[in-house]
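Here is the structure we will look at, set down as structure tokens.
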Amino acid sequence: MIFAWAAVLLIFIIPYPSTVWLLRHSPFPPSKWLSLILTAGLGIGLLTWIMMLEGMLGIPFAVWSITLPYLLVNLIGTVLWWRNRIPTQPTSVESAPKRLAFLGRLVVVVVSAAILLNAVYWPFYKDDAVGIYAEQAHFMYATRGLIPLDLTFYSYYQAYPMLVQLSYTYSYLLSGWEDPYLAKVISTVLSLACLGAVFYLGKTLYDEKAGWLAVLLLALTPLFGRWASSGYADLPMAFYYTLASLFAWRGWKSNNTVDALISGIAIGLGAWTKNAILPAVGFWLIFMLLGLIRKHISFKAVVVACAASAIVAAPWYLRNLVEAHLLMPATAWTDQAAPNLSNLLVFITHPENFGFTGWLILIGIVLALVQVVRNWRSADRDILLLVFTLPYFAFWWILASYDRRFILYFLPILVVLAAGYGLKLWGHIPNNYHRSLGWLLTIITLGMTLYIASISVDYKAEILRDPLMNDAAKHAIVSTKPAEP
């Protein structure tokens, strides 16, 4: 068991030298934490991509048949890093106010600890986690291969992208049994990585203050806390989508092929995680083409980005087209969508999902639209954030507004928009109110932190009653009692 947990940890961090080498070719200042965040996403992405290819080639899944190619690819990157290593130069950054940075770190630690506790304590229990993700991982672990597309009892759910499911399958292979606790940690880590992604998106678009505020707003959004440890693919997909927007912006500002390449890899991994991102691939491409038209991004960079995304995601969707004659399964219940005024204003009409963050998101959207209409040539940041989110929201409102969980796909990017305009609003408050208002917001933040930590853990009464319960007792609880709302 210890071996399996340690091996999964290594999968997350082994690509670090390769990531550092890759980011070194970007003109942006290097960052160890950004390298680690990107490493986690690239690690699981590469591992499951190798499993996809082996499954298509009929190679039975086994620990070493998967791990050896993974290590070989990363060995090449490590050699390149070693041959071109240079001492890390300290970079000067604009420091955020100490209280804001302290609160950000505190909230991340407390909320992440609660979310991870829920992940490692309980087996799979949410509907789709049990019926789709864990069930598909069970099938692939049992058969040591991909799910055939002609199995009618899956109703085409086997055409779902498999990053999350294959990561679960790999964890089962390492453990020698279907360990749901280790499996859930993988998707939970990718979900929590959204916090790091929004920090760097906010910092890169605005400054470090915006980065920390974005972290606070996302971590204190109830919808995030309730779903981060669910074992679903929603937030892992959002993680890759946020990275795609971050590196698309870096490519826009630097006209650098490496940043465009990473953006393409990230959007491809998002498509390899969940097919609900496919409309957003179009939004990503629109932004890249707009950068080409406005001479921010070269034609070469756009081609490299598109080629990278296709190499990552196209094999899976081509398999679906060839074998099942479909691009993605028709699993959305569009007839249940409710495109009404309440859902149009969902960020403020459902505070149980969005809290105070929802108000800032709505205000940010309105102000960003005004800015783009007034002077679209100098509103590059607003264009990025709106292109990546507003059309996606329209898709949700018209076709999928029966489930607010789907807003998680683009919520991290919206939170960055909210942070940027939240700081602008703060700048319009007279300075003599800053101190007292700052302390009030600090108290509210601490209270919200406890609330989010509480709702991030399900079956709390059962944990307190028997914190050392065995696996059978846990399964008995989650199979007979609904999770807390």
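What you are looking at is a predicted structure, and each value in this text was computed from that prediction instead of being measured.
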To the nearest 0.5 Å, how far apart are [atom1] in [X] and [atom2] in [Y]?
X    : Y    : atom1 : atom2 : result
I363 : K424 : CD1   : NZ    : 13.5 Å
N353 : T221 : CG    : OG1   : 10.0 Å
L446 : L106 : CG    : CG    : 6.5 Å
L417 : L385 : CG    : CG    : 5.0 Å
L362 : L367 : CG    : CG    : 9.5 Å
L218 : F224 : CG    : CZ    : 4.5 Å

(message) As a quick check of understanding, evaluate side-chain contact (heavy atoms from CB on, under 4.5 Å) for L441 and W426, giving each step before the final call.
(response) CA-CA 12 Å; L441 291 174; W426 178 262; 3.8 Å; yes
(request) For atom CZ of F28, decide whether the heavy atoms of other residues, nucleotides or ligands shown that lie under 6.0 angstrom number more than 12. (result)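 Above 12, so yes.
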(message) For the CH2 atom on W5, are there more than 12 heavy atoms of other groups (residues, nucleotides or ligands in this structure) within a distance under 6.0 Å?
(response)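 Buried by this count: over 12 neighbours within 6.0 Å.
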(request) Could you note down all residue pairs passing salt bridge (charged side-chain N to carboxylate O under 4.0 Å, His left out) where residues 242-270 supplies at least one of them, sequence neighbours left out? (result) R250-D259
(request) For residues 271-286, pull every pair meeting salt bridge (charged side-chain N to carboxylate O under 4.0 Å, His left out), keeping only residues two or more places apart or in separate chains. (result)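 For residues 271-286, and leaving out neighbouring residues, the salt bridge (charged side-chain N to carboxylate O under 4.0 Å, His left out) pairs sorted by first residue read D234-K274.
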(request) Using the side-chain contact (heavy atoms from CB on, under 4.5 Å) rule, take V387 and L290 through it: C-alpha gap first, then chi angles, then the decisive distance, then the call. (result) CA-CA 11 Å; V387 166; L290 182 60; 5.6 Å; no
Closest non-hydrogen atom pair between [X] and [Y], with its separation:
X    : Y    : result
K460 : S454 : NZ-O, 2.9 Å
C194 : A238 : SG-C, 4.2 Å
V215 : L195 : CG2-O, 3.4 Å
L190 : F239 : O-CB, 3.5 Å
G270 : M237 : O-CG, 3.6 Å
Y16  : S35  : CE1-CB, 3.5 Å

Taking side chain to side chain contact (heavy atoms under 4.5 Å, CB included) as the test, write out the residues that go with [X], two or more places apart.
X    : result
L213 : L217, A419, L423
L9   : none
I13  : L10
Y402 : A332, W333, Q336, A400, F406

(request) Establish, for the pair K98 and F102, whether the NZ or CZ atom is under 6.0 angstrom from the six-membered ring centre and no further than 45 degrees off its axis. (result)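 No, cation not above the ring by the 6.0 Å, 45° rule.
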(request) Please say whether the positively charged group of R99, taken as NZ for Lys or CZ for Arg, lies over the ring of W212, i.e. under 6.0 angstrom from the six-membered ring centre and within 45 degrees of the axis. (result) no
Is the shortest heavy-atom distance from the side chain of [X] to the side chain of [Y] under 4.5 Å?
X    : Y    : value
V312 : I267 : no
T39  : F12  : no
L42  : L269 : yes
I11  : I186 : no
Y70  : P15  : yes
L292 : S298 : no
Y241 : F283 : yes
V20  : P30  : no

(request) Please lay out, stage by stage, how W396 and N343 fare under the test side-chain contact (heavy atoms from CB on, under 4.5 Å). (result) CA-CA 10 Å; W396 172 84; N343 280 327; 3.9 Å; yes
Just by modelled atom types, is the [Y] backbone N or O under 3.5 Å from a matching donor or acceptor in the [X] side chain?
X    : Y    : result
W249 : R381 : no
N118 : S229 : no
S263 : A244 : yes
H296 : N255 : no
N275 : Y160 : no
S230 : R226 : no
Q136 : Y157 : yes
S191 : A228 : yes
W316 : A159 : yes
W397 : N340 : yes

(request) Please assess Y409 against I277 for the test side-chain contact (heavy atoms from CB on, under 4.5 Å), listing each intermediate value before the final yes or no. (result) CA-CA 8 Å; Y409 302 160; I277 202 177; over 6 Å; no
(message) We want to know whether T48 and W272 form a side-chain donor-acceptor pair, criterion being a heavy-atom distance below 3.5 angstrom.
(response)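 T48 vs W272: donor-acceptor pair found between side chains.
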Can the ring centres of [X] and [Y] be said to be less than 6.0 Å apart?
X    : Y    : result
Y121 : Y181 : no
W227 : Y232 : yes
W33  : Y200 : no

(request) With I262 as reference, evaluate T19, L23, L243 under the side-chain contact (heavy atoms from CB on, under 4.5 Å) test and give the passing residue. (result)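 The single option meeting the side-chain contact (heavy atoms from CB on, under 4.5 Å) with I262 is L23.
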(message) Under a 4.0 Å threshold between the charged nitrogen and the carboxylate oxygen, would E352 count as salt-bridged to R404?
(response)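 Judged by the 4.0 Å cut-off on N to carboxylate O distance, R404 and E352 do form a salt bridge.
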(request) Determine, for D380 against R294, whether the closest basic-nitrogen to carboxylate-oxygen distance falls under 4.0 angstrom. (result) yes
(request) Show your reasoning for whether side-chain hydrogen bond (donor to acceptor under 3.5 Å, both in side chains) applies to S309 and W284. (result) CA-CA 11 Å; S309 65; W284 169 81; over 6 Å; no
(message) The test is ring-ring contact (aromatic ring centres under 6.0 Å, His included); show your working for Y168 and F124 and say whether it passes.
(response) CA-CA 11 Å; Y168 294 169; F124 293 108; 5.2 Å; yes
(request) Would you please test F347 and F393 for ring-ring contact (aromatic ring centres under 6.0 Å, His included) and show each step? (result) CA-CA 11 Å; F347 296 111; F393 178 82; 5.6 Å; yes
